[in-house]
Participant: 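I have a structure here, written as structure tokens, and I will follow up with some questions on it.
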Amino acid sequence: MLDRKQLRKDFAEIKAKLAKRGEDLSDLDKFGELDERRRAIIQEVEQLKAERNETSKQISQLKREKKDASELIERMQQVSKTIKELDNELNEIEAQFDQVMLGIPNIPHESVPVGEDEEDNVEVRKWGDIPSFSFEHKPHWEIGKDLDILDFERAAKVTGSRFVFYKGLGAKLERALINFMLDYHTEHHGYEELLPPYIVNRNSMIGTGQLPKFEEDAFLIEDWDYFLIPTAEVPVTNFHRDEILSVDDLPKKYVAYSACFRSEAGSAGRDTRGLIRMHQFNKVELVQFVKPEDSYDALEELTGHAEKMLQLLGLPYRVMNMCTGDLGFTAAKKYDLEVWIPSQQKYREISSCSNFEAFQARRAGIRYRDEDGKVKYVHTLNGSGLAIGRTVTAILENYQQEDGSVVVPEVLRPYMGGIEVIK
RNA sequence: GGAGGAAUACCCAAGUCUGGCUGAAGGGAUCGGUCUUGAAAACCGACAGGGGUGUAACAGCCCGCGGGGGUUCAAAUCCCUCUUCCUCCUCCA
């Protein structure tokens with residue numbers, strides 16, 4: 001959510017910045033009129049309420065003195081009726097106003113490249129050497145099947161498409177990655193671990209920006225009006241919803257493992273094979289709450305924390321600065337980490353690190369009391385550190401051997417009971 | 001699932017039956033001061049926050065006693081409803 005007062009003041013300038021996203025901005029044009037009507041009614045109704053408060057005191061005084069107050073009471077009956085009508089009207093406008101405000105995307109930061117789509121994302125840096133195979137290398141779903149560690153067919157039977165069973169050392173590898181990443185971020189990067197609920201209520205989904213606009217992307221538990229989380233970002237960011245943090249507690253850094261659930265509406269036909277695009281996948285997520293002046297340094301830091309995982313695992317990747325057209329609804333700036341997938345001869349997203357500035361904090365009411373005792377919104381950030389399924393994908397494909405086995409990256413071996421090769 | 005009870009400011013806690021100088025007593029914690037070599041104790045003082053509106057900035061005004069609605073000239077107080085927590089029974093990993 002954007003700052004209302006700022007939007008009122010710098011409307012044209014903000015509109016121009018938002019236009020770079022290439023999204024539909026028709027909601028934005030309703031802002032001015034709704035804002036004005038809202039404030040006009042507030043002023044009118046508050047004046048009447050002030051009058052009623054004042055007169056109530058007089059009535060109470062008269063009653064105590066056993067004097068007649070019927071004339072004042074009669075007048076206030078009318079005033080109260082008007083107040084009720086105006087309040088109803090105001091509620092309606094507030095509801096419309098909220099819908100508009102919740103539907104306006106975040107303002108891109110000035111360091112975000114202007115562009116239309118993923119073609120215009122800018123490569124910031126690249127790490128690692130792309131492996132060259134002296135034999136015919138296989139896609140990960142074949143490796144997984146041949147090693148009997150991934151079972152897509154049975155998952156399709158038990159549930160449906162875009163689900164998987166991990167089996168044996170496959171399951172162990174997945175678990176090893178989760179534990180390795182959680183341990184590393186808590187021990188070396190200063191994060192506190194949270195293990196969150198996988199189901200959240202509607203307000204939480206609004207708080208982080210999945211709702212109201214993108215309800216079709218989520219799994220809804222209808223009878224409860226609860227949602228399966230699409231990422232641990234949702235419960236972890238909302239952990240501090242409607243709170244005022246102490247400046248001494250900032251930055252707050254959490255790392256959370258969770259399963260993630262996505263309907264993948266609109267991506268039918270894409271990545272239909274393998275682990276890349278699942279309805280359910282595992283992810284270790286990094287979330288930070290920081291002072292506004294620190295948030296861009298924090299974004300670099302957090303991105304580095306995610307990169308460190310890829311470096312330790314020895315997986316080649318590149319960092320992309322996402323352009324205005326590919327930023328997503330909530331981010332002011334976003335880096336995607338893309339890992340090399342040999343079977344596709346392409347880099348594929350494995351982590352997304354964003355600075356939301358105060359966009360989520362305003363929606364979720366996450367504030368802090370600064371050194372002078374003033375209440376301000378925090379800035380929130382998050383990033384995958386990393387998506388586990390896609391990491392398994394990258395390991396299987398990049399570490400495959402001619403004999404069909406897969407070498408386990410060294411840092412994972414302590415988490416794999418010392419196993420060096422999956423065969 | 002059944003039967004009760006509770007929710008008041010940072011914490012504890014009055015007030016609710018009997019609506020109106022309660023825009024919320026009292027205590028603790030916290031902060032400032034006196035005393036002290038320093039501290040503790042004691043004593044004195046401060047302590048409703050948050051949101052909205054408004055302003056150049058103040059001021060002022062509006063809303064806040066778990067959330068939402070209702071009754072009334074007027075609601076912490078009466079009514080309805082939802083949520084959360086607690087106790088007992090039932091069930092259960």
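In the text below, chain A, chain B and the rest are named by the order of the sequence lines, each starting its count at 1. What's counted below: heavy atoms across the whole structure, side chains too, no hydrogens, waters or symmetry copies.
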Participant: Once ring-ring contact (aromatic ring centres under 6.0 Å, His included) is applied, do any residues pair with A/Y377, and if so which ones, sequence neighbours excluded?
Facilitator: none
Participant: For Watson-Crick and G-U wobble pairs within 3.5 Å on both distances, what is RNA chain B written in dot-bracket notation, | included for inter-strand pairing?
Facilitator: ((((((((.[[[..)....(.....]]].(((((.......)))))...((((......))))..[[[[[..)....]]]]])))))))....
Participant: Considering every strand and a 4.0 Å limit on heavy-atom distances, what is the contact class for A/R202: base, sugar-phosphate, or nothing?
Facilitator: nothing
Participant: Think A/Q47 has a side-chain N or O under 4.0 angstrom from the OP1 or OP2 of B/rC61?
Facilitator: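 No, no such contact exists.
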Participant: Return the residues of residues 29-40 of chain A meeting this criterion: a heavy atom under 4.0 Å from some atom of RNA chain B. Order them by number, or give none.
Facilitator: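 Residues of residues 29-40 of chain A that come under 4.0 Å of RNA chain B are, in numerical order, A/R38, A/R39.
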Participant: Between A/E54 and A/I42, just flag the one whose closest nucleotide in RNA chain B comes earlier from the 5' side.
Facilitator: A/I42
Participant: Going 5' to 3' along nucleotides 69-81 of chain B, which nucleotides have protein heavy atoms under 4.0 Å from the base (write B), which only from the sugar-phosphate (write S), and which from neither (write -)?
Facilitator: --S-BS-------
Participant: With A/D98, which residues qualify under side-chain contact (heavy atoms from CB on, under 4.5 Å), at least two apart?
Facilitator: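 With sequence neighbours excluded, A/D98 shows a side-chain contact (heavy atoms from CB on, under 4.5 Å) to no residue whatsoever.
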Participant: Keeping the roles fixed (side chain from A/Q360, backbone from A/T208), state whether a donor-acceptor pair exists under 3.5 Å.
Facilitator: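 Such a contact is found between A/Q360 side chain and A/T208 backbone.
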Participant: Does A/R362 use its side chain to pair, donor to acceptor, with the backbone of A/M1 at less than 3.5 Å?
Facilitator: yes
Participant: Quick one: does NZ or CZ of A/K253 land under 6.0 Å from the six-membered ring centre of A/Y191, within 45 degrees of the ring axis?
Facilitator: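 Positive - A/K253 is close enough to the ring of A/Y191 and near enough to its axis.
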Participant: Hey, what are the protein-to-nucleotides 47-49 of chain B N/O distances that come in under 3.5 Å?
Facilitator:
none

